[in-house]
Amino acid sequence: QKEVEQNSGPLSVPEGAIASLNCTYSDRVSQSFFWYRQYSGKSPELIMSIYSNGDKEDGRFTAQLNKASQYVSLLIRDSQPSDSATYLCAVNEDAGKSTFGDGTTLTVKP
Amino acid sequence: DTEVTQTPKHLVMGMTNKKSLKCEQHMGHRAMYWYKQKAKKPPELMFVYSYEKLSINESVPSRFSPECPNSSLLNLHLHALQPEDSALYLCASSQDTTGRYGYTFGSGTRLTVV
């Protein structure tokens, strides 16, 4: 079983819709959770981090964490074509090592 | 300065060549990382340096040799690579050695081994 699993894509939503990206992890000692955005041909960029159960909002992005269910999600409200990218979920064990999921490719159609 | 700078951006090398990838950050970050990313795959950890000392080697073949000359610089020396080593090589840094604040990635070096 993979340590970090993301919902299989690709995911396509119309402009203005809510995009929902999901991630589960297997290691209960994980402490820090991240979402990175990676445009095609570019490097990953950290867009959200979350450490405690509940929701964390930053602009149009909301990260949700449920440690009991070992589940992390990212909601993108009012999706824009510029949000089209691959979104990588990453889990950190506080030992300096982050493990990445395979990524979900999002396409926002105008 | 909030960037991680990697050079070169593109590199083509033969299987008998020796080359080096360079990475630099001036954010005062205490840990630096090398990741390898193949097309449509997630980044895979290769090495971690904490306070300039190698702390994690993910069983990487010896044809990849990391070096951390100081707290701002990270090199990856390449020798006798194989075509399957062609990938995007990403350098990253983190504020502290736990990595709990996430990574800042460089733009990467796209390596092609011929």
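First the proteins, then the strands, lettered A, B, ... as listed; each starts at 1. Note that these values count all heavy atoms, side chains included, but never hydrogens, waters or copies made by symmetry.
At least one donor-acceptor pair closer than 3.5 Å links the side chain of Ser43(A) to the backbone N or O of Gly106(B). At distances below 3.5 Å, not a single donor-acceptor pair connects side-chain atoms of Tyr103(B) with backbone N or O atoms of Pro44(A).
Between the CD atom in Gln38(A) and the CG atom in Leu88(B) there is a gap of 7.5 Å [rounded to 0.5 Å]. Distance check, rounded to the nearest 0.5 Å: NZ of Lys40(B) to CG of Asp102(A) gives 12.5 Å.
Linking Ile, Leu, Val, Met, Phe, Trp and Tyr residues whenever their side-chain heavy atoms come within less than 4.5 Å leaves Leu76(B) and Leu90(B) in two separate clusters. In the hydrophobic cluster analysis, where Ile, Leu, Val, Met, Phe, Trp and Tyr join through side-chain heavy atoms closer than 4.5 angstrom, Leu45(B) is grouped apart from Met32(B). Val4(B) and Tyr51(B) are assigned to two separate hydrophobic clusters, defined by single-linkage of ILVMFWY side chains at heavy-atom distances under 4.5 Å. Under the 4.5 Å side-chain heavy-atom criterion for grouping Ile, Leu, Val, Met, Phe, Trp and Tyr, Tyr87(A) is not connected to Tyr71(A) through any hydrophobic cluster. At a threshold of 4.5 Å between side-chain heavy atoms, the hydrophobic network of Ile, Leu, Val, Met, Phe, Trp and Tyr places Met46(B) and Val113(B) in one connected group.
For chain B, the nearby parts of Ser98(A) are the backbone and the side chain; heavy atoms of each come within less than 4.5 Å. Neither the backbone nor the side chain of Glu44(B) comes within less than 4.5 Å of any heavy atom of chain A. Looking at Gln6(B), there are no atoms closer than 4.5 Å to chain A (heavy atoms on both sides), in backbone or side chain.
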**Prompt:** Step by step, would you call Ile56(B) with Lys97(A) a side-chain contact (heavy atoms from CB on, under 4.5 Å)?
**Reply:** CA-CA 8 Å; Ile56(B) 297 178; Lys97(A) 175 180 173 179; 4.1 Å; yes
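Other residues, nucleotides and ligands contribute only 12 or fewer heavy atoms inside 6.0 Å of the NZ atom of Lys19(B). Around atom CD1 of Ile18(A), no more than 12 heavy atoms belonging to other residues, nucleotides or ligands sit under 6.0 Å away. Within a 6.0 Å sphere centred on NZ of Lys109(A), other residues, nucleotides and ligands contribute 12 heavy atoms or fewer.
When all heavy atoms of Pro43(B) and Leu88(A) are compared, the closest pair comes out as CD-CD1, 4.0 Å. Summarising the geometry of Pro42(B) relative to Phe100(A), their closest heavy-atom pair is CB-CB, 3.9 Å, with the distance given to 0.1 Å. Pairing each heavy atom of Phe34(A) with each of Gly99(B), the nearest pair is CZ-O, 3.6 Å. Here the shortest heavy-atom pairing between Arg100(B) and Ser32(A) reads CB-OG, 3.2 Å.
Contact count against chain A (heavy-atom pairs under 4.5 Å) is highest for Ser107(B) among Gly108(B), Ser107(B), Ala31(B).
Side-chain contact between Asn92(A) and Ser94(B) is absent, with no heavy atoms from C-beta onward closer than 4.5 Å. Residues Tyr101(B) and Tyr51(A) have side chains in contact (heavy-atom distance under 4.5 Å, counting atoms from C-beta outward).
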